[in-house]
Amino acid sequence: FISVNMPVVYMKDPHKQEREKLTVDSLQVMTVQNLKFLVAEKLSTEAEQLMLMYAGRVLKHGKTLDEYNIIEGVTIFFMKKKIPQKSVSESSTNTTSQLRKIIRNPRVHQILSQMVSNPMLLFSMIR
């Protein structure tokens with residue numbers, strides 16, 4: 001059994017004191033995107049939410065760690081990006097728009113007319 005030492009880099013949230021050890025396959029051929037997936041897995045988060053930084057630069061997806069001169073033992077900083085959420089007014093506008101489409105459908109209009117004209121049917125649906 002031959003023991004091969006895997007390179008180690010450290011990852012750190014700039015808002016916290018501690019840093020975590022991360023073992024990687026190869027610094028020369030590993031891409032930033034692959035590193036993001038490793039960091040995301042370790043943090044139990046989505047890779048798309050992460051931004052990685054080294055030496056004051058944001059690391060870009062298409063590049064390798066070697067292109068940034070990242071060597072064993074360095075610390076790579078990460079930040080989690082907030083995923084924008086739709087505002088309440090946006091979602092209510094979408095809902096209103098969808099309801100208008102449904103109501104304008106001739107078949108739906110016919111069914112609603114039949115329901116309104118038959119009080120017993122309405123009563124049975126309410127119960």
S.K.: Under 3.5 Å, side chain of Tyr68 to main-chain N/O of Lys60, donor-acceptor pair present?
M.R.: yes
S.K.: Any non-hydrogen side-chain atom of Met11 less than 4.5 Å from a side-chain atom of Leu38?
M.R.: no
S.K.: Return the NZ to NZ distance between Lys21 and Lys42, rounded to the nearest 0.5 Å.
M.R.: 9.0 Å
S.K.: Output yes when a side-chain donor or acceptor of Lys36 lies under 3.5 Å from a complementary backbone atom of Leu50, and no otherwise.
M.R.: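 At least one qualifying donor-acceptor pair exists.
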S.K.: Please determine which of Thr23, Val24, Asp25, Leu22 meets the side-chain contact (heavy atoms from CB on, under 4.5 Å) test together with Pro7.
M.R.: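 Considering Thr23, Val24, Asp25, Leu22, a side-chain contact (heavy atoms from CB on, under 4.5 Å) with Pro7 is found only for Val24.
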S.K.: Work out which heavy atom in Gln28 is nearest to a heavy atom in Asp66; give both atom names and the distance.
M.R.: O-CB, 3.5 Å
S.K.: Would you indicate whether the side-chain heavy atoms of Gln33 and Phe37 approach each other to under 4.5 Å?
M.R.: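 Sidechains of Gln33 and Phe37: in contact.
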S.K.: Would Val8 and Ile70 show up in the same hydrophobic cluster when neighbours are defined by side-chain heavy atoms closer than 4.5 Å?
M.R.: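 Each belongs to a different hydrophobic cluster.
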S.K.: Given a cutoff of under 4.5 Å between side-chain heavy atoms of I, L, V, M, F, W and Y, with clusters grown through shared members, what are the other residues clustered with Val29?
M.R.: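 Once heavy-atom contacts under 4.5 Å are chained together, Val29 still belongs with nothing else.
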S.K.: Look up atom CE in Met53 and atom CZ in Phe78, then write down how far apart they are to the nearest 0.5 Å.
M.R.: 9.0 Å
S.K.: Indicate the atoms forming the closest heavy-atom contact of Glu67 with Lys63, along with that distance.
M.R.: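 Closest pair (atom of Glu67, atom of Lys63, distance): OE2-CA, 3.4 Å.
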S.K.: What about Val74 and Leu65, same hydrophobic cluster or not, with Ile/Leu/Val/Met/Phe/Trp/Tyr joined at side-chain heavy-atom distances under 4.5 Å?
M.R.: yes
S.K.: Test of understanding: clusters of I, L, V, M, F, W, Y form through side-chain heavy atoms closer than 4.5 Å, transitively. Do Phe77 and Leu27 belong to the same one?
M.R.: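 Different clusters.
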S.K.: For residues Ile76 and Tyr10, determine if any side-chain heavy atom of one lies less than 4.5 Å from a side-chain heavy atom of the other.
M.R.: no
S.K.: Among the clusters formed by ILVMFWY side chains lying less than 4.5 Å apart, do Tyr54 and Leu43 turn up in the same one?
M.R.: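 Cluster IDs for Tyr54 and Leu43 match.
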S.K.: Can you confirm whether Met79 sits close enough to His15 that some side-chain heavy atom of one is under 4.5 Å from a side-chain heavy atom of the other?
M.R.: yes
S.K.: Are there more than 12 heavy atoms of other residues, nucleotides or ligands under 6.0 Å from atom CD of Glu41?
M.R.: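 Atom CD in Glu41 is not crowded, with 12 or fewer foreign heavy atoms closer than 6.0 Å.
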S.K.: Quick one: pull up CG in Leu35 and NE2 in His61 and give me the separation to the nearest 0.5 Å.
M.R.: 10.5 Å
